[in-house]
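Below is one structure, written out as structure tokens, with a few remarks after it.
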Amino acid sequence: MNAPLTPAPGGGANLADILERVLDKGVVIAGDIRVELLDIELLTIKLRLVVASVDKAKEMGIDWWESDPALSSRARTRELGAENARLQARLAELENAGSRHAPPEDQEPGKEAR
């Protein structure tokens with residue numbers, strides 16, 4: 001993608017050249033929509049759109065898709081690993097609580113020790 005861009009024959013840039021330039025440099029489009037009635041703000045919507053290549057986005061510090069389980073299998077694996085650790089800790093806690101209240105193994109449940 002680092003090759004110099006030259007206009008296509010005929011004087012105009014083709015779509016591929018434009019897309020390559022946009023993705024290489026990045027484009028930010030920002031805008032706010034505000035709804036007011038009698039000088040009372042009812043609604044504000046802030047819109048931010050970044051169009052860039054993945055490499056350029058990472059260079060700018062934008063990498064939210066890497067931690068989103070819906071978009072990244074690595075993020076989903078980390079999420080499942082954390083959930084598994086929590087469940088194992090809870091299971092160990094329940095097993096420890098159960099062993100403190102369980103009758104000795106040589107005693108039948110429901111009968112008192114003599």
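Quick note: numbers below take in every heavy atom, side chains included, and nothing from hydrogens, waters or symmetry partners.
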Could you work out, with salt bridge (charged side-chain N to carboxylate O under 4.0 Å, His left out) as the rule, every residue matching E36, not counting sequence neighbours?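 Listed in chain order: nothing, the list is empty.
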List the residues meeting salt bridge (charged side-chain N to carboxylate O under 4.0 Å, His left out) with R86, not counting sequence neighbours, and say none if there are none.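 Listed in chain order: nothing, the list is empty.
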If you measure from [atom1] on [X] to [atom2] on [Y], what distance do you get to the nearest 0.5 Å?
{"X": "L19", "Y": "N14", "atom1": "CG", "atom2": "CG", "result": "10.0 Å"}
{"X": "N84", "Y": "T77", "atom1": "CG", "atom2": "OG1", "result": "12.0 Å"}
{"X": "R34", "Y": "K46", "atom1": "CZ", "atom2": "NZ", "result": "7.0 Å"}
{"X": "I33", "Y": "I45", "atom1": "CD1", "atom2": "CD1", "result": "5.0 Å"}

N/O donor-acceptor pair under 3.5 Å between R48 side chain and G31 backbone: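 Yes; judged by distance alone, with no hydrogens or angles, the pair exists.
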Smallest separation among heavy atoms of L23 and K56, with atom names: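 Heavy atoms only, the tightest pair is O-CB, 3.9 Å.
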Identify the two heavy atoms, one from A52 and one from A57, that lie closest to each other, and give their separation to 0.1 Å.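 Between these two residues, the closest heavy atoms are CB-N, 4.4 Å.
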Applying a strict under-4.5 Å side-chain criterion to I, L, V, M, F, W and Y, I'd like to know whether L49 and I18 cluster together.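 Yes, one cluster joins them.
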If you apply the rule side-chain contact (heavy atoms from CB on, under 4.5 Å), what do you find for V50 with I62, and how did you get there? CA-CA 10 Å; V50 177; I62 302 170; 4.3 Å; yes
